[in-house]
Every structure is written in structure tokens, then in C-alpha cells.
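If you read the sequence from its start, that first residue is 1, and numbering goes on from there.
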Amino acid sequence: MRIAFISDIHGNAIALEAVLHDMKHKGIDKIYVLGDLCYRGPEPKRSLALIRSLNTEVIKGNADEWVVRGVREGEVPEKAIAMMNNEREWTVSKLDQTDMEYLKTLPTHVSCTIDGIKISGFHATPVSLFDVILPHADDVELTSRLMGSTDAHIYIYAHIHKPYIRYVNGKVIMNIGSVGLPFDGIAKASYGIVEVDNNNFRTSIERVIFDIEKVVQLYKEASYPNAEMMINIVRNGKL
């Protein structure tokens with residue numbers, strides 16, 4: 001069975017469509033979505049509609065929480081709060097009450113067991129939507145902050161927009177990166193695949209091209225707040 005994990009679409013429906021097409025080509029059997037669905041991209045409504053059309057399990061990310069209640073002090077650098085709340089207000093203006101209620105009621109964890117392989121998924125850490133665990137964190141930090149009290153074979157998270165796979169104490173930790181806003185210098189959408197067969201498994205990070213200039217055009221046409229910064233990220237795959 002091939003299971004795909006996607007996250008951090010951030011309103012980039014063009015990139016999401018490219019990833020969904022890639023999944024179809026690869027014969028994916030099941031998709032899980034680990035949050036950050038529509039904030040900071042030019043097509044929040046369409047991105048959310050595409051996710052909801054998958055009829056699959058979706059969990060909340062920090063950006064979904066921000067859409068619901070705004071960006072608060074202490075969550076981002078102080079100088080960024082005003083602009084990020086302007087972006088949030090723009091995003092909310094493109095959604096309806098049903099969309100807002102959907103984001104508000106999303107769960108924060110997902111888990112599944114396939115052929116005896118247990119998988120635990122969350123957005124940032126099992127206890128936070130906001131904590132940052134980077135690829136170079138040591139084994140002690142990965143164990144204490146990502147595994148928690150859950151007993152799984154594979155732990156999957158997102159949030160940092162920098163995909164990687166690590167092996168710690170006989171467990172797999174995988175960050176699936178970002179569909180819509182990669183930060184690792186590779187301007188391609190990122191997602192993860194777990195393939196399970198008769199109690200065996202393998203994990204992989206997939207990178208997918210999408211029409212970057214079309215996304216840039218959409219940011220401009222939408223008069224998106226902070227468009228210059230977001231266009232730079234999309235074009236270069238990094239902050």
C-alpha cells in the first residue's frame with residue numbers, strides 16, 4: 001500500500017494540483033494532510049476546496065489556527081505581526097463561514113496502522129502547532145519532542161518546510177516539507193510517501209515541478225498583501 005502525506009499547501013493550488021497529478025501517476029492508495037491549507041497563498045478558497053474534495057483525514061496546522069483567530073504576539077517576530085494579520089484578513093475575505101468552521105474544528109493528530117506498521121502524524125510536534133524542530137536537531141531532541149508517549153514505527157510532521165528523513169532508536173522520523181512554499185532552496189513542491197508491504201516499509205521524499213510563474217501572476221492579480229516577499233519565496237524556494 002502506498003500512502004502519501006502532504007502539508008503546507010499555503011493557498012498554492014497550482015502546486016497542489018501538480019502534486020495530486022504526481023500521486024495519481026505513482027499509484028497512491030491513500031492521502032493524509034498535515035495542515036497549513038490556505039493561508040499566505042493567492043488561492044485560499046480553491047486550495048481548501050481541493051483538499052476537502054479528497055475526502056480524507058486532514059489535521060490542523062499553525063497557519064489554519066491563524067486564519068481562525070489571527071496571529072498573536074510571541075508567535076512570530078514583532079515586526080511581522082501587522083503584515084501577517086493583513087495577509088490573514090485577506091485570506092479570510094476569500095473564505096466563507098463553512099470554510100472557517102471547517103478549519104476551526106480540524107483535529108491535531110492522525111494515526112494509522114498498515115500491515116503492522118504504525119504511523120503517527122502531526123503538524124509541528126505532538127503537543128504544539130508552533131514549535132520548530134529543525135533537520136539538524138540531535139537525537140535526544142527528536143526523541144523527546146517528536147515521539148512523545150506515542151509508540152509508532154514512523155513519525156511524520158511538517159511545519160518547517162524543509163524535508164528530511166532520519167533514523168533514531170530504530171524509528172523513522174520524516175518531515176515532508178511543503179507543497180506550496182518550500183524553504184530548502186529547491187523551488188519544487190515536496191511531499192512524502194510511505195510504502196508498506198507485508199510488514200516491510202520504505203519512505204521517500206518526492207519533489208514535483210509546478211508552474212511558478214503562474215503562481216506569481218496570481219499573487220499579482222489578487223493584489224495580495226506582502227506579494228513581493230511571497231513571490232520571492234515561491235521563485236527561490238527559500239525565505
Side-chain angles (χ1 to χ4, degrees), residues 3-13 15-16 18-20 22-23 28 30-41 44 47-48 50-52 54 56-68 71 75-76 103 106-112 119-137 141-142 145-148 150 152 154-166 168 171-194 203-208 210 230 233-234 237-239:
I3 313 118
F5 292 83
I6 66 174
S7 188
D8 294 83
I9 295 92
H10 287 288
N12 187 342
L16 177 57
V19 165
L20 295 176
D22 190 69
M23 288 181 190
I28 297 301
K30 176 74 174 177
I31 303 170
Y32 291 94
V33 186
L34 302 189
D36 282 8
L37 309 180
C38 56
Y39 173 61
R40 306 207 90 176
S47 298
L48 192 55
L50 283 169
I51 290 296
R52 297 184 71 174
L54 298 175
T56 192
E57 293 182 64
V58 182
I59 64 173
K60 182 185 291 186
N62 62 295
D64 307 310
E65 184 73 0
W66 282 337
V67 171
V68 171
V71 182
E75 294 174 343
V76 299
L103 294 174
L106 286 173
T108 57
H109 300 78
V110 66
S111 62
C112 60
I119 303 172
S120 176
F122 40 88
H123 183 70
T125 74
V127 298
S128 171
L129 298 177
F130 297 92
D131 289 348
V132 174
I133 311 297
L134 295 172
H136 55 69
E141 182 176 11
L142 292 179
R145 299 186 69 188
L146 295 181
M147 295 182 184
T150 304
I154 305 171
Y155 298 84
I156 302 177
Y157 76 112
H159 188 49
I160 61 173
H161 297 217
K162 295 183 177 183
Y164 72 91
I165 299 174
R166 290 266 298 272
V168 181
K171 309 289 187 177
V172 178
I173 295 174
M174 177 163 66
N175 187 286
I176 57 176
S178 171
V179 169
L181 290 174
F183 287 174
D184 62 349
I186 301 174
K188 295 182 179 181
S190 176
Y191 75 100
I193 293 177
V194 178
T203 56
S204 64
I205 301 294
E206 311 294 322
R207 303 308 291 257
V208 181
F210 63 92
M230 302 312 299
I233 293 172
V234 170
K238 59 183 179 181
L239 289 169

Rounded to the nearest 0.5 Å, what's the gap from CG on Leu54 to CZ on Arg52? Could you check? 11.5 Å
If we only count heavy atoms from C-beta on, is the Met174 to Tyr155 side-chain gap below 4.5 Å? no
Could you check if a side-chain atom of Leu16 sits within less than 4.5 angstrom of a side-chain atom of Ile6, using non-hydrogen atoms only? yes
Apply side chain to side chain contact (heavy atoms under 4.5 Å, CB included) to residues Leu181 and Met230 and explain how you reach the verdict. CA-CA 9 Å; Leu181 290 174; Met230 302 312 299; 3.6 Å; yes
For the residue pair Leu34 and Val110, establish whether any side-chain heavy-atom pair is separated by less than 4.5 Å. yes
Taking all non-hydrogen atoms of both residues, which atom of Leu106 and which atom of Ile59 are closest, and how far apart? CD1-O, 3.9 Å
May I ask you to decide if Ala13's main-chain N or O and Ser47's side chain share a donor-acceptor pair within less than 3.5 Å? yes
Would Ile205 and Ile165 count as a side chain to side chain contact (heavy atoms under 4.5 Å, CB included) if you check the C-alpha gap in whole Å, the side-chain angles of each, and the deciding distance to 0.1 Å? CA-CA 8 Å; Ile205 301 294; Ile165 299 174; 4.0 Å; yes
Check this for me: Lys188, atom NZ, are more than 12 non-hydrogen atoms of other residues, nucleotides or ligands nearer than 6.0 Å? no
Mind checking whether Leu142 and Ile133 have side chains closer than 4.5 Å, heavy atoms only? yes
Whether the side chain of Asn175 engages the backbone of Ala158 through a donor-acceptor N/O pair (distance < 3.5 Å, no angle test) should be reported. yes
When rounded to the nearest 0.5 angstrom, what distance separates SG in Cys38 from CD1 in Ile51? 10.0 Å
Hey, mind stepping through Arg145 and Asp131 against salt bridge (Lys or Arg N to Asp or Glu O under 4.0 Å) and telling me if it holds? CA-CA 9 Å; Arg145 299 186 69 188; Asp131 289 348; 3.5 Å; yes
State, yes or no, whether a side-chain contact exists between Tyr191 and Asp22 at a heavy-atom distance under 4.5 Å. yes
Tell me if a side-chain donor or acceptor on Arg166 pairs with a main-chain N or O of Pro135 at a distance below 3.5 Å. yes
Would you please classify the geometry between the Tyr164 ring and the Tyr157 ring as parallel, tilted or perpendicular, with 30° and 60° separating the classes? perpendicular
Pairing residues for Glu206 by the side chain to side chain donor-acceptor pair (under 3.5 Å) criterion, not counting sequence neighbours: Ser204
Taking C-beta and beyond as the side chain, do Ile176 and Ile156 meet within less than 4.5 Å on heavy atoms? yes
Begin from the C-alpha positions of Leu48 and Leu103 and carry the test side chain to side chain contact (heavy atoms under 4.5 Å, CB included) through to its verdict. CA-CA 9 Å; Leu48 192 55; Leu103 294 174; 4.1 Å; yes
CD of Glu141 to CG of Leu134: how many Å apart, nearest 0.5 Å? 8.0 Å
Is there a donor-acceptor contact under 3.5 Å from the side chain of Thr56 to the main chain of Ile31? yes
Below 4.5 Å, heavy atoms only, C-beta onward: do Val19 and Phe210 meet side chain to side chain? no
Any side-chain to backbone donor/acceptor pair from Asn12 onto Ile9? Under 3.5 Å, distance only. no
Kindly check if the number of other-residue, nucleotide or ligand heavy atoms within 6.0 Å of NZ (Lys30) is above 12? yes
Give a yes or no on whether the backbone of Ile186 and the side-chain of Arg207 come within a donor-acceptor separation of less than 3.5 Å. yes
Can you tell which of His109, Lys60, Glu65, His159 makes a side-chain hydrogen bond (donor to acceptor under 3.5 Å, both in side chains) with His123? His159
Shortest non-hydrogen contact from Gly185 to Lys238? N-CB, 4.1 Å
Parallel, tilted or perpendicular: which one describes the rings of Phe5 and Tyr32, with boundaries at 30° and 60°? parallel
Please examine the side chains of Ser190 and Pro163, heavy atoms only from C-beta on, and report whether any two atoms are closer than 4.5 Å. yes
Between Asp8 and His10: side-chain donor-acceptor atoms closer than 3.5 Å: yes
Apply side chain to side chain contact (heavy atoms under 4.5 Å, CB included) to residues Val67 and Leu37 and explain how you reach the verdict. CA-CA 10 Å; Val67 171; Leu37 309 180; over 6 Å; no
Tell me if a side-chain donor or acceptor on Tyr39 pairs with a main-chain N or O of Asp36 at a distance below 3.5 Å. no
